[in-house]
> 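Before we start, here is the structure in question, set down as structure tokens.
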Amino acid sequence: MTTAHAAPPRSSTYDAESGPNGWVAFAAIALTVGGIMRIFDAIWAFRYHGALPANLEDAIFGHSLKTYGWVYLVVAALLLVSAFMLFQGSQFARWIGVTAGAIASISAVWWMPYYPIWSLTYIALGGLVVYALVAHGSRSEIVLD
């Protein structure tokens with residue numbers, strides 16, 4: 001008689017010793033890339049002296065690109081800090097990362113009428129980060145009997 005052995009349970013765990021699993025590592029890397037992209041956006045906003053996009057006066061933070069530069073620096077700092085904490089194995093950082101991913105997506109919507117491809121890229125990255133951290137970032141093991 002043969003004995004059937006169940007496959008080892010799928011686990012979405014991580015700790016400081018073993019590092020993050022694939023999805024959590026993806027989220028941390030995506031937050032890092034998003035933070036760096038936001039730094040470039042802030043530099044662009046501070047240094048741009050050309051014609052402003054049409055109807056920028058109706059945008060959420062007014063017509064000053066300097067204001068957007070500061071907002072993007074704050075968002076970049078949040079993204080980079082949460083990515084660093086995720087790499088350290090912090091469970092608290094998981095929820096900061098969820099918040100950061102959501103903020104990254106929401107902040108991209110502001111520029112949708114002006115730069116739709118970049119906005120959709122930010123929104124997709126933010127959505128994947130939220131999915132990765134909510135669905136795969138838990139410390140509790142999933143045991144299937």
> Got a second to check how far Tyr68's OH is from Trp44's CH2, nearest 0.5 Å?
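It comes to 10.0 Å.
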> Between side-chain atoms of residues 28-38 and protein atoms elsewhere (two or more places apart, or another chain), which donor-acceptor pairs fall under 3.5 Å?
unit_1: Thr32; atom_1: OG1; unit_2: Ala28; atom_2: O; d: 2.9
unit_1: Arg38; atom_1: NH1; unit_2: Asp41; atom_2: OD2; d: 3.0
unit_1: Arg38; atom_1: NH2; unit_2: Ser107; atom_2: OG; d: 2.9

> To the nearest 0.5 angstrom, please state how far the CD1 atom of Ile96 sits from the CG atom of Leu86.
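The CG atom of Leu86 is 8.5 Å from CD1 of Ile96, to the nearest 0.5 Å.
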> Are Tyr131 and His136 packed together at the side-chain level, in the sense that at least one heavy-atom pair is separated by less than 4.5 angstrom?
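Tyr131 reaches His136 side chain to side chain.
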> Which heavy atom of Ala42 sits nearest a heavy atom of Gly69, and at what distance?
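For Ala42 versus Gly69, the nearest heavy atoms are CB-O, 3.4 Å.
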> Return a table of donor-acceptor pairs under 3.5 angstrom between the side chains of residues 71-82 and protein atoms on other chains or two or more places apart.
unit_1: Tyr72; atom_1: OH; unit_2: Trp111; atom_2: NE1; d: 2.4
unit_1: Ser82; atom_1: OG; unit_2: Leu78; atom_2: O; d: 3.1
unit_1: Ser82; atom_1: OG; unit_2: Leu79; atom_2: O; d: 3.0

> Could you go through Arg94 and Val24, starting from their C-alpha distance and side-chain angles, then the distance that decides it, and tell me whether this counts as side chain to side chain contact (heavy atoms under 4.5 Å, CB included)?
CA-CA 8 Å; Arg94 177 177 164 225; Val24 175; over 6 Å; no
> Should Phe46 and Tyr48 be counted in the same cluster of Ile, Leu, Val, Met, Phe, Trp and Tyr side chains packed under 4.5 Å apart?
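In one cluster with Phe46: Tyr48, no.
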> What is the minimum heavy-atom distance between Ala102 and Val130, and which atoms define it?
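Smallest heavy-atom distance, with atoms named: N-CG2, 3.8 Å.
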> Please give me the minimum heavy-atom distance between Ala132 and Phe26, naming the atom from each residue.
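Reported closest heavy-atom pair: CB-CD2, 4.4 Å.
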> With a sphere of 6.0 Å drawn around CZ of Phe40, does it hold more than 12 non-hydrogen atoms of other residues, nucleotides or ligands?
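No, not enclosed.
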> Determine whether more than 12 heavy atoms belonging to other residues, nucleotides or ligands lie under 6.0 Å from atom CZ of Phe84.
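Atom CZ in Phe84 is not packed in, count stays at 12 or less.
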> Can you get from Ile117 to Leu128 by hopping between Ile, Leu, Val, Met, Phe, Trp and Tyr side chains that sit under 4.5 Å apart?
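No, separate clusters.
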> Are Val129 and Val98 linked, directly or through other ILVMFWY residues, by side chains that come within less than 4.5 angstrom of each other?
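Yes, Val129 and Val98 fall within the same hydrophobic cluster.
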